[in-house]
**Q** 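Shown below is the structure under consideration.
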Amino acid sequence: MGFRQAALLGSICFFLGILFINFNVDHQVLFLPKNDTAVQQGYAYYTTFLRAPLAVKALMHTLMGVGLLSLVANFTTWTESAMFFDGTSIALYVCSLAMYISVAIPSIRTVVDPLPEDTPQDREDALGVLGAANVIIALLLFGILGLQGGMEYAKALE
């Protein structure tokens, strides 16, 4: 395993750690009967998450870039395994970034700072959508880990 793959695995594991922490709140909203306590805990947690210092947000977004750059750098070797494993990993990573940008960020903003026309039901629905997006992003990142493990296994068989 080289530096590029270590950078990719490190950034993915960092985000999976964040998503597992988020799952403590998300599973109460998604998989258990809804109650006001779980919803209020979700509001409080994601308010803290969004109001985190700028250094935390900068670290998260830098690691997103590191993960994408390491995948693109792995893809430039033009081996057969790079085309299949790294190409699919890039697709999964871009899908997870798109899910984060298009679903998670607007949902967390609706949860924390609702617009005047947003009803309490809209805010609660946004909390559920945010939890679902976090679960989907985690599954996509697990797919990348599986593909990278499969690539190492294929190299070992060669």
Side-chain angles (χ1 to χ4, degrees), residues 4-75 84-151:
R4 293 178 291 202
Q5 193 169 14
L8 172 67
L9 295 178
S11 66
I12 288 176
C13 289
F14 177 79
F15 287 112
L16 283 174
I18 290 173
L19 290 171
F20 278 137
I21 292 169
N22 291 350
F23 191 71
N24 289 327
V25 172
D26 295 339
H27 86 280
Q28 294 176 0
V29 175
L30 293 175
F31 304 117
L32 298 177
K34 284 195 178 179
N35 58 22
D36 290 335
T37 306
V39 172
Q40 292 303 321
Q41 285 176 348
Y43 293 161
Y45 173 76
Y46 283 113
T47 300
T48 305
F49 190 77
L50 186 66
R51 305 259 191 260
L54 188 58
V56 174
K57 295 174 187 174
L59 175 68
M60 285 179 53
H61 293 119
T62 300
L63 282 175
M64 284 179 197
V66 166
L68 188 61
L69 286 175
S70 64
L71 268 174
V72 171
N74 280 342
F75 193 65
F84 294 122
F85 293 106
D86 288 333
T88 308
S89 294
I90 288 173
L92 290 177
Y93 200 79
V94 167
C95 287
S96 67
L97 287 177
M99 179 78 66
Y100 172 73
I101 293 169
S102 65
V103 177
I105 290 176
S107 294
I108 199 169
R109 287 188 179 147
T110 301
V111 167
V112 175
D113 294 323
L115 297 174
E117 62 266 10
D118 287 337
T119 64
Q121 184 62 38
D122 291 338
R123 193 174 177 206
E124 191 173 321
D125 290 344
L127 185 65
V129 168
L130 178 59
N134 286 341
V135 170
I136 293 170
I137 291 170
L139 291 174
L140 291 170
L141 294 178
F142 272 123
I144 295 171
L145 288 179
L147 285 168
Q148 295 301 309
M151 184 174 67

**Q** Rounded to the nearest 0.5 Å, what separates atom CE in Met64 from atom CG in Leu59?
**A** 10.0 Å
**Q** Is any side-chain heavy atom of Leu16 less than 4.5 Å from a side-chain heavy atom of Ile12?
**A** yes
**Q** So, using side chain to side chain contact (heavy atoms under 4.5 Å, CB included) as the criterion, who are the partners of Leu54 when residues are at least two apart?
**A**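 Residues passing side chain to side chain contact (heavy atoms under 4.5 Å, CB included) with Leu54: none at all.
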**Q** Side-chain polar contacts of residues 123-130 - donor-acceptor pairs under 3.5 angstrom, sequence neighbours left out - could you list them?
**A**
| unit_1 | atom_1 | unit_2 | atom_2 | d |
| --- | --- | --- | --- | --- |
| Arg123 | NE | Val111 | O | 2.6 |
| Arg123 | NH2 | Val111 | O | 3.1 |
| Asp125 | OD1 | Gln121 | NE2 | 2.9 |

**Q** Under the side chain to side chain donor-acceptor pair (under 3.5 Å) rule, what pairs show up with a residue in residues 50-59, not counting sequence neighbours?
**A**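 Checked against side chain to side chain donor-acceptor pair (under 3.5 Å) - neighbours excluded - the pairs reaching residues 50-59 are Arg51-Asp113.
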**Q** Is the count of non-hydrogen atoms from other residues, nucleotides or ligands lying under 6.0 Å from Asn24 atom CG greater than 12?
**A**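 Enclosed: over 12 neighbouring heavy atoms sit under 6.0 Å from CG of Asn24.
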**Q** Could you go through residues 96-106 and list every donor-acceptor pair under 3.5 Å that involves a side-chain atom there, pairing it with any protein atom two or more places apart or in another chain?
**A**
| unit_1 | atom_1 | unit_2 | atom_2 | d |
| --- | --- | --- | --- | --- |
| Ser96 | OG | Tyr93 | O | 2.7 |
| Tyr100 | OH | His61 | NE2 | 3.2 |
| Ser102 | OG | Ala98 | O | 2.6 |

**Q** Please list all pairs meeting salt bridge (charged side-chain N to carboxylate O under 4.0 Å, His left out) that have one or both residues in residues 127-140, counting only residues at least two apart or in different chains.
**A** none
**Q** Mind checking side chain to side chain donor-acceptor pair (under 3.5 Å) for Asp86 and listing every partner two or more places apart, or none if nothing turns up?
**A**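 Side chain to side chain donor-acceptor pair (under 3.5 Å) list for Asp86, sorted by chain: Gln148.
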**Q** Going by side chain to side chain donor-acceptor pair (under 3.5 Å), name the pairs with one or both residues in residues 8-22, residues two or more places apart or in two chains.
**A**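 Of all non-adjacent pairs touching residues 8-22, those that pass side chain to side chain donor-acceptor pair (under 3.5 Å) are Asn22-Tyr45.
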**Q** Could you give all pairs that pass the salt bridge (charged side-chain N to carboxylate O under 4.0 Å, His left out) test and reach residues 137-148, with sequence neighbours left out?
**A**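 Qualifying pairs, neighbours excluded: none.
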**Q** What residues, two or more places apart in sequence or in another chain, satisfy side chain to side chain donor-acceptor pair (under 3.5 Å) together with Thr48?
**A**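 Not a single residue meets the side chain to side chain donor-acceptor pair (under 3.5 Å) criterion with Thr48.
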**Q** What residues, two or more places apart in sequence or in another chain, satisfy side chain to side chain contact (heavy atoms under 4.5 Å, CB included) together with Phe84?
**A** Glu80
**Q** If you measure from CG on Asn134 to CD1 on Ile21, what distance do you get to the nearest 0.5 Å?
**A** 11.5 Å
**Q** Any salt bridge (charged side-chain N to carboxylate O under 4.0 Å, His left out) involving residues 7-16? Give me the pairs, sequence neighbours left out, ordered by first then second residue.
**A** none
**Q** Just to verify, what does Thr37 make a side chain to side chain contact (heavy atoms under 4.5 Å, CB included) with, not counting sequence neighbours?
**A** Asn35, Gln41
